[in-house]
Undergrad: 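Sharing a structure below in structure tokens format, with a few things to ask.
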Amino acid sequence: DRVLFFTRLNCPACDAVLGRLLERLDGIGGVDVYITDVPSSDDTAIRQWASNRAIRPDWVRSGRVSLNHDNGILRRVGGSTGEIPALFVRRGDDIRTLEYADL
């Protein structure tokens, strides 16, 4: 299973969820982080965001954490709500909502 986590660059509630995810990283298959408010041409902003939140480069290199532009994925996965932070779990082709309490 991989967790899909949707966030914005400046979102304290999102940072709290991310902290919980990173604490549990050893118990899940990985975390795919999607930043919703960054233009697809701005990888620097995402790298800086990750660095400021102690996402280790070795986690990214090994695939335990992926850093991504949203590019409309939240809308496709989560429907029209698009609330942030948003969590989903992906098992194969199946994607379902993940509640914070279930982490």
Side-chain angles (χ1 to χ4, degrees):
D1 294 349
R2 288 191 70 88
V3 174
L4 284 63
F5 172 62
F6 293 84
T7 185
R8 288 187 298 269
L9 290 178
N10 187 14
C11 175
C14 301
D15 291 346
V17 174
L18 178 65
R20 179 80 182 255
L21 282 171
L22 295 179
E23 288 173 1
R24 302 181 65 93
L25 191 57
D26 289 334
I28 55 179
V31 177
D32 298 326
V33 178
Y34 293 88
I35 311 288
T36 63
D37 60 346
V38 175
S40 60
S41 61
D42 193 355
D43 292 338
T44 302
I46 290 179
R47 281 192 294 272
Q48 185 63 48
W49 175 90
S51 176
N52 291 343
R53 282 149 186 86
I55 295 176
R56 297 180 6 200
D58 62 301
W59 292 343
V60 176
R61 281 191 296 274
S62 69
R64 292 177 72 194
V65 175
S66 71
L67 302 172
N68 308 280
H69 298 274
D70 170 60
N71 294 331
I73 295 171
L74 176 58
R75 188 173 49 252
R76 289 192 300 272
V77 171
S80 62
T81 60
E83 291 185 31
I84 299 293
L87 289 166
F88 299 89
V89 64
R90 183 181 71 212
R91 178 176 286 161
D93 290 334
D94 182 44
I95 298 175
R96 63 179 171 82
T97 300
L98 178 65
E99 299 297 327
Y100 178 73
D102 294 333
L103 285 179

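Predicted model only: the values in this text are computed from it and were never measured.
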Undergrad: My understanding is that only residues two or more places apart in sequence, or in another chain, count here; which of them pass side-chain hydrogen bond (donor to acceptor under 3.5 Å, both in side chains) with D43?
TA: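 Applying side-chain hydrogen bond (donor to acceptor under 3.5 Å, both in side chains) to D43 gives H69.
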Undergrad: Test of understanding: clusters of I, L, V, M, F, W, Y form through side-chain heavy atoms closer than 4.5 Å, transitively. Do L9 and V65 belong to the same one?
TA: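 They do share one cluster, since a chain of ILVMFWY contacts under 4.5 Å joins L9 to V65.
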Undergrad: In chain order, what residues pass the side-chain hydrogen bond (donor to acceptor under 3.5 Å, both in side chains) check against D15, with sequence neighbours excluded?
TA: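 Expected list: R53.
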Undergrad: I want to check something: taking the side chain as every heavy atom from C-beta on, are V38 and W49 in contact at a cut-off of under 4.5 Å?
TA: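 No, side chains not in contact.
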Undergrad: How would you list, by chain and number, every residue that makes a salt bridge (Lys or Arg N to Asp or Glu O under 4.0 Å) with R56, sequence neighbours excluded?
TA: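 Once residues adjacent in sequence are excluded, the partners of R56 under the salt bridge (Lys or Arg N to Asp or Glu O under 4.0 Å) criterion are D58.
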Undergrad: Would you list the pairs meeting disulfide (SG to SG under 2.5 Å) in which at least one residue belongs to residues 22-60, sequence neighbours left out?
TA: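 As it turns out, there is no disulfide (SG to SG under 2.5 Å) pair with a partner in residues 22-60 once direct neighbours are skipped.
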Undergrad: Kindly write out the residues that satisfy side-chain contact (heavy atoms from CB on, under 4.5 Å) with E23, not counting sequence neighbours, or none if the list is empty.
TA: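 Checked E23 against side-chain contact (heavy atoms from CB on, under 4.5 Å); matches are R20.
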Undergrad: Rounded to the nearest 0.5 Å, how far does OG1 of T97 lie from CZ of F88?
TA: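 That separation rounds to 4.5 Å.
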Undergrad: The criterion is side-chain contact (heavy atoms from CB on, under 4.5 Å); which residues satisfy it with D94, sequence neighbours excluded?
TA: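 Partners of D94 by the side-chain contact (heavy atoms from CB on, under 4.5 Å) criterion come out as none, since no residue qualifies.
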Undergrad: Is it possible for you to say whether V33 and I73 belong to one hydrophobic cluster, with membership spreading through side-chain heavy-atom contacts below 4.5 Å?
TA: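 No, separate clusters.
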Undergrad: With clusters defined by side-chain heavy atoms of hydrophobic residues (ILVMFWY) lying less than 4.5 Å apart, directly or transitively, does F5 cluster with I95?
TA: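 Shared cluster, no.
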Undergrad: Is the count of non-hydrogen atoms from other residues, nucleotides or ligands lying under 6.0 Å from N10 atom CG greater than 12?
TA: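 Result for CG/N10: open.
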Undergrad: For R8, give me all partners under side-chain hydrogen bond (donor to acceptor under 3.5 Å, both in side chains), at least two apart in sequence or on another chain.
TA: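 R8 satisfies side-chain hydrogen bond (donor to acceptor under 3.5 Å, both in side chains) with no residue once adjacent residues are dropped.
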Undergrad: My understanding is that only residues two or more places apart in sequence, or in another chain, count here; which of them pass salt bridge (Lys or Arg N to Asp or Glu O under 4.0 Å) with R91?
TA: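 Partners of R91 under the salt bridge (Lys or Arg N to Asp or Glu O under 4.0 Å) test: D1.
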Undergrad: Looking at L67 and A50, what are the two nearest heavy atoms and their distance?
TA: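 L67 and A50 have their closest heavy atoms at CD1-CB, 3.6 Å.
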Undergrad: Can you sort out the partners of A13 under side-chain contact (heavy atoms from CB on, under 4.5 Å), two or more places apart, ordered by chain and number?
TA: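 A13 satisfies side-chain contact (heavy atoms from CB on, under 4.5 Å) with C11, P85 once adjacent residues are dropped.
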Undergrad: Can a donor-acceptor pair be found, under 3.5 Å and without considering hydrogens, that links the side chain of D70 to the backbone of F6?
TA: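 No, D70 side chain to F6 backbone: no donor-acceptor pair under 3.5 Å.
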Undergrad: Would you say V31 ends up clustered with V17 if hydrophobic residues are merged whenever their side chains have heavy atoms under 4.5 Å apart, either directly or through other cluster members?
TA: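 Yes, because V17 and V31 connect within a single hydrophobic cluster, where side-chain heavy atoms sit under 4.5 Å apart.
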Undergrad: Give the minimum heavy-atom separation between I84 and C14, together with the two atoms involved.
TA: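 Here I84 and C14 meet closest at CG2-SG, 3.2 Å.
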Undergrad: Scan for salt bridge (Lys or Arg N to Asp or Glu O under 4.0 Å) pairs involving residues 26-36, sequence neighbours excluded, and state none if there are none.
TA: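 Qualifying pairs, neighbours excluded: R2-D32, D26-R64, D32-R90.
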Undergrad: Which value, rounded to the nearest 0.5 Å, describes the distance between I46 atom CD1 and N68 atom CG?
TA: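 Here the rounded value is 7.5 Å.
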Undergrad: For N71, give me all partners under side-chain hydrogen bond (donor to acceptor under 3.5 Å, both in side chains), at least two apart in sequence or on another chain.
TA: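 None.
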Undergrad: For P39, what residues pass the side-chain contact (heavy atoms from CB on, under 4.5 Å) criterion, not counting sequence neighbours?
TA: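 Per chain and number, P39 pairs via side-chain contact (heavy atoms from CB on, under 4.5 Å) with S41, D42.
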Undergrad: Given D102 and L87, is the side-chain contact (heavy atoms from CB on, under 4.5 Å) satisfied, shown in steps?
TA: CA-CA 10 Å; D102 294 333; L87 289 166; over 6 Å; no
Undergrad: Would you indicate whether the side-chain heavy atoms of L18 and I55 approach each other to under 4.5 Å?
TA: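 They are in side-chain contact.
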Undergrad: Would you say L103 and L4 are hydrophobically clustered, going by side-chain heavy atoms of ILVMFWY under 4.5 Å?
TA: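 No; tracing contacts between hydrophobic side chains, which count when under 4.5 Å, never links both residues.
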Undergrad: Hey, does the side chain of T36 reach the backbone of T7 with a donor-acceptor pair shorter than 3.5 angstrom?
TA: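 Such a contact is found between T36 side chain and T7 backbone.
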Undergrad: CG of L22 to CZ of R24: how many Å apart, nearest 0.5 Å?
TA: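 Spacing of CG (L22) from CZ (R24) equals 12.0 Å.
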